[in-house]
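The residues of the chain are indexed from 1 along the displayed sequence. Since the structure is predicted, the reported quantities are computational estimates derived from the model, not experimental observations.
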Amino acid sequence: QTNWKDETRVSKIIEQGSDYFEYLKKAGGRKVISSEMNLEAINTSEILKKDEDVKSYFVPTNGVTPLHQLEIFTDYVLADNSTVPIKGAIDILQIKEEEKTVRIADFKCSYSAHDFVKSIKNFGYCDQLSFYDYLVREWLKTYQDGKYAGYEVLPPINIVIDQKDKVPYVYEYDWKDIALAADGTRQFLYV
């Protein structure tokens, strides 16, 4: 309203925008996304839940439980027996009760899922999965009084969805990849 005084404009913004500001406070440091981004996230979620190759990582089925955004807090013991607190949030931990296995699945969106191997090296995704492997193995020892302590930990994967084609791809890792990320090349130099 061009004919309003500045004080009137301010009071109207505060009055009519208070719901919005209350929402921002409740968001607690999280980013507010556009409705377009929200719709894209919903569509991507539906694709992942329906794709035969990856849906078991997103939708619980008989004997298969996917845990999402699993936060793990533990300590890392150094060579001198001192400890350092560490934490991480695992995108997906798939638990298969009948097979007694668990698998870490880290979800990524990529401009080109076909070039994801380059991203693995550029952004240290194998290092990330190596760290998650350590966290999960520590978590398994104590979760639900060690209920899953004897479960086999399968090699981790990345589930990557291509932004253009909206097709999910699975990138598998070998335990040697994970060991190399964890320990460097020392153990592989004299094989």
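For Tyr125 and Tyr171, the ring centers sit 6.0 Å or farther from each other.
Here the CD1 atom belonging to Ile92 is positioned 8.5 Å from the CD atom belonging to Gln69, to the nearest 0.5 angstrom. Taking CG from Leu135 and CD1 from Ile86, the interatomic distance works out to 5.0 Å, rounded to the nearest 0.5 Å. Summarising the geometry, atom CG belonging to Leu93 is positioned 12.0 Å from atom OH belonging to Tyr132; distances are rounded to the nearest 0.5 Å. Between Asp165 atom CG and Ser112 atom OG the span is 8.5 Å, to the nearest 0.5 Å. Atoms NZ and CD1, from Lys166 and Ile161 in turn, are 6.5 Å apart once rounded to the nearest 0.5 Å.
Between the side chains of Tyr169 and Asp53, no donor-acceptor pair of N or O atoms lies under 3.5 Å.
Surrounding CG of Asn3 are more than 12 heavy atoms belonging to other residues, nucleotides or ligands, all under 6.0 Å away. Within a 6.0 Å radius of CG in Asp145, no more than 12 heavy atoms belonging to other residues, nucleotides or ligands are found. For Glu40, the CD atom is loosely surrounded, since the number of other residues' heavy atoms within 6.0 Å does not exceed 12. Taking a 6.0 Å sphere around CD of Glu15, one finds it holds more than 12 heavy atoms contributed by other residues, nucleotides or ligands. The environment of Phe73 atom CZ is dense: over 12 non-hydrogen atoms of other residues, nucleotides or ligands sit within 6.0 angstrom. Within 6.0 Å of the CD atom in Gln144, the count of heavy atoms belonging to other residues, nucleotides or ligands exceeds 12.
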Criterion side chain to side chain contact (heavy atoms under 4.5 Å, CB included) on Trp175 and Val153, from CA distance to verdict: CA-CA 10 Å; Trp175 279 123; Val153 180; 4.0 Å; yes
Tyr134 vs Tyr76, side chain to side chain contact (heavy atoms under 4.5 Å, CB included): CA-CA, chis, key distance, verdict: CA-CA 9 Å; Tyr134 176 81; Tyr76 182 78; 3.5 Å; yes
Ile178/Cys126 under side chain to side chain contact (heavy atoms under 4.5 Å, CB included): CA gap, chis, key distance, verdict: CA-CA 6 Å; Ile178 302 304; Cys126 192; 4.0 Å; yes
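Proximity of a side-chain donor or acceptor of Asp75 to a complementary backbone N or O of Thr83 within less than 3.5 Å is not detected. Put simply, the side chain of Asp162 gets close to the backbone of Ala113: a donor and an acceptor are under 3.5 Å apart. Not a single donor-acceptor pair under 3.5 Å links the side chain of Asp106 to the backbone N or O of Asn158. No donor-acceptor distance shorter than 3.5 angstrom exists from the side chain of Asp51 to the backbone of Leu48, with no hydrogens or angles considered.
Listed by chain and residue number, Tyr148 satisfy the ring pair (Phe, Tyr, Trp, His ring centres under 6.0 Å) test with Tyr151 (two or more places apart in sequence, or in another chain).
Nearest heavy atom pair, residue Lys49 against residue Phe58, reads CG-CB, 4.2 Å. In terms of heavy-atom proximity, Val160 sits nearest to Ser110 at CG1-CB, 3.6 Å. Taking all atoms of both residues into account, the shortest heavy-atom contact from Ser130 to Ala181 is CB-CB, 3.8 Å. Contact detail for Lys12 and Trp4: the closest heavy-atom pair is CG-CZ3, 3.3 Å. Scanning both residues, Leu154 and Arg103, for their nearest heavy atoms gives CD1-NH2, 3.3 Å. Contact detail for Ala105 and Ile159: the closest heavy-atom pair is CB-CD1, 4.0 Å.
Other cluster members for Ile14: Val10, joined by side-chain heavy-atom distances under 4.5 Å among Ile, Leu, Val, Met, Phe, Trp and Tyr.
Using a 4.5 Å heavy-atom cutoff, the side chains of Asp133 and Pro156 are not in contact.
Using a 4.0 Å cut-off between a side-chain N of Lys or Arg and a carboxylate O of Asp or Glu, Glu152 and Lys96 do not qualify as a salt bridge.
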